[in-house]
Amino acid sequence: FLPMVAFVDRVTRTVRQSPLSALVGALFLAVCVAFAGEKPAPPGPMPPPEPGRQPQPEASNWERIDLDAEHAIIENEDKSRRNSAIPVETEGDVIVPDVLKLHRVVSIGTRAFYGCSRITSVDIPEGVTNIADYAFYNCSSLTNVVFPSTLKSIGAYAFVGCGQLKQVHIEVPRLLIGERAFRNCDGLKDVQFRGDEFIANTRAFFGCGGLLDVDFVAKDIRIGESAFSGRYDPSPNDYGYCDHLTNVTIVASNRLEIGASAFNNCDALQKATVVSPRTATFGNSVFSYCSGLKTIELPEGLVGLPTNALAYCSSLQSVSLSSNVTSIAYRAFDTCTSLTNVWLGEGLSVIEAQAFYGCALRRLELPQSVSSVGSRAFEMCRGLESVLVQEGDTNRLEAASFALGERAFYRCDALTDVRLPQRATVLPPRVFADCEHLAAINLPSNLTDIAESAFESCAALPYVDFPKSLASIGAMSFNGCA
């Protein structure tokens with residue numbers, strides 16, 4: 001505008017000097033004025049909405065978003081931030097636009113819908129890759145979320161307190177769910193994932209009291225500590241119970257990792273199918289205190305049962321371990337009072353202390369690969385009738401020894417027959433004490449020591465043939481025998 005004023009002033013001075021110049025200047029000035037008053041062309045029509053998506057009913061709500069607000073809902077592809085916050089009075093069904101103020105929406109930002117307790121559903125557009133921390137925190141009326149196929153991550157606490165959310169079904173190539181992302185979503189009924197890689201971090205679904213079904217299928221799956229636990233969580237001082245969860249299906253075609261206490265105390269769980277043919281690891285107490293668990297399929301790729309893995313699963317009836325399992329850790333099946341059958345694969349080497357304490361086993365057959373049975377490993381298995389340890393090839397180095405721990409079969413009241421391998425050299429204290437129905441035992445030909453009270457109170461034991469190798473018999477070893 002200022003250059004035009006200067007030009008008009010110059011033309012006016014020229015008019016005073018020359019009539020011809022005045023005529024030319026007048027014509028040019030008229031053209032300039034006409035050009036300055038011309039209105040801009042109207043904008044073209046808006047592009048049609050994405051197929052299957054309806055325009056946002058309250059479009060003006062999005063237009064009022066302050067791009068300088070503290071919280072973010074959009075993020076440019078070049079990662080430069082454009083911030084906005086959704087008014088807490090927003091209600092009903094929300095359709096997030098895929099383009100907002102000329103910026104493509106690729107992220108639902110931190111606290112974007114924080115406390116929007118009146119919204120009932122959210123449709124997130126294709127192109128969004130991230131739902132940030134606290135994004136839908138305490139959206140207490142939210143019942144449904146449409147997740148895009150481009151989603152890659154859901155942040156910590158993202159859906160905490162969304163008590164009306166019914167299901168989470170996500171099918172994307174890779175997904176990371178942050179810590180406590182869905183904690184205390186009491187109305188959540190089922191969780192399903194399909195893709196290549198799935199990671200659920202610590203306590204991701206902790207305290208989802210209405211959850212019934214979990215179904216994950218991917219190449220690689222990692223489930224964090226206490227992800228579905230029903231255990232008291234001392235850090236935020238609250239309780240989290242997945243106490244209605246009845247079915248778990250986890251299928252990983254490549255690698256599987258389930259963290260400590262992931263399903264601890266899910267006492268309504270009845271069936272767990274865990275499949276991983278290649279590599280699988282469990283954390284301590286992974287299914288402990290699942291008192292309703294009746295059947296479990298353990299993965300072929302599992303190499304060891306950790307401490308308390310299935311302890312106190314009082315409804316569990318049978319377990320089959322593959323030949324890849326080399327160790328059963330401390331109290332792995334402790335007090336599984338309905339466990340009557342267990343199949344142990346060739347390859348098992350170590351059974352640690354109290355591994356099967358108080359189980360309902362009827363018959364026990366240990367493969368020749370077993371070299372060590374820990375103290376109290378089968379103590380109080382009061383229905384156990386027979387024990388057979390396969391002999392194996394005594395010329396092989398790994399089969400050259402067999403060790404029993406103290407009280408390994410203490411108070412196995414129904415035990416009548418025991419067959420130990422010839423490679424056993426020591427019977428420790430109270431190893432068969434109080435087995436009141438034990439009527440026969442073959443002592444190994446290489447046995448050198450019988451410790452104190454080894455067979456004390458075996459009232460039905462009528463006789464024992466001692467091997468020539470025997471060097472010592474401890475005090476009260478056969479006290480109370482027949």
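This is a predicted model, so every value here is computed, not measured.
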In sequence, state the C-alpha distance, the side-chain angles, and the governing distance for Phe193 and Phe216, and then conclude on ring-ring contact (aromatic ring centres under 6.0 Å, His included).
CA-CA 5 Å; Phe193 175 81; Phe216 300 146; 7.1 Å; no
Between the main-chain N or O of Gly292 and the side-chain N or O of Asp267, is there a donor-acceptor pair closer than 3.5 Å?
no
Just to verify, what does Ser149 make a side chain to side chain donor-acceptor pair (under 3.5 Å) with, not counting sequence neighbours?
Glu126
Using the side chain to side chain donor-acceptor pair (under 3.5 Å) rule, take Ser288 and Asn308 through it: C-alpha gap first, then chi angles, then the decisive distance, then the call.
CA-CA 6 Å; Ser288 63; Asn308 290 319; over 6 Å; no
What pair of heavy atoms forms the shortest contact from Ser338 to Ser314, and how long is it?
OG-O, 2.7 Å
Cation over ring face, Arg183 and Phe206, 6.0 Å, 45°
no
When you look at CZ of Arg194, are more than 12 heavy atoms from neighbouring residues, nucleotides or ligands closer to it than 6.0 Å?
yes
Among Thr143, Asp93, Asn144, the one residue meeting side-chain hydrogen bond (donor to acceptor under 3.5 Å, both in side chains) with Thr120:
Asp93
For Phe378, all residues meeting ring pair (Phe, Tyr, Trp, His ring centres under 6.0 Å), sequence neighbours excluded
Phe356, Phe409
Using modelled atom types and a 3.5 Å cut-off, is there a donor and acceptor pairing between side-chain atoms of His244 and backbone atoms of Gly209?
yes
Parallel, tilted or perpendicular, judged at 30° and 60°: which one describes the rings of Tyr114 and Tyr137?
parallel
Among Tyr312, Phe263, Phe333, which one satisfies ring-ring contact (aromatic ring centres under 6.0 Å, His included) with Phe287?
Phe263
Taking all non-hydrogen atoms of both residues into account, name the closest pair between Cys208 and Leu188 and its distance.
SG-CD2, 4.2 Å
Kindly give the heavy-atom pair with the smallest separation between Pro367 and Gly345, and that separation in Å.
CG-O, 3.6 Å
Closest non-hydrogen atom pair, Ala332 against Pro306
CB-O, 3.8 Å
All heavy atoms of Leu175 vs all of Ser153, minimum pair found to be CD1-N, 3.9 Å
How many angstroms lie between CD1 in Ile177 and CD1 in Ile154, if you round to the nearest 0.5 Å?
5.0 Å
Kindly compute the distance separating OG (Ser315) from CG (Leu293), expressed to the nearest 0.5 Å.
8.0 Å
Only one of Asp220, Ile221, Thr281 clears side-chain contact (heavy atoms from CB on, under 4.5 Å) with Arg255; which?
Asp220
Between Ile250, Val286, Ile199, which is the residue that forms a side-chain contact (heavy atoms from CB on, under 4.5 Å) with Ile223?
Ile250
Output, in order, the C-alpha distance, side-chain angles, deciding distance and verdict of salt bridge (charged side-chain N to carboxylate O under 4.0 Å, His left out) for Arg363 and Glu365.
CA-CA 7 Å; Arg363 184 175 183 271; Glu365 183 173 338; 3.3 Å; yes
Between Ser369, Ser323, Ser322, which is the residue that forms a side-chain hydrogen bond (donor to acceptor under 3.5 Å, both in side chains) with Glu346?
Ser369
For the NZ atom on Lys166, are there more than 12 heavy atoms of other groups (residues, nucleotides or ligands in this structure) within a distance under 6.0 Å?
yes
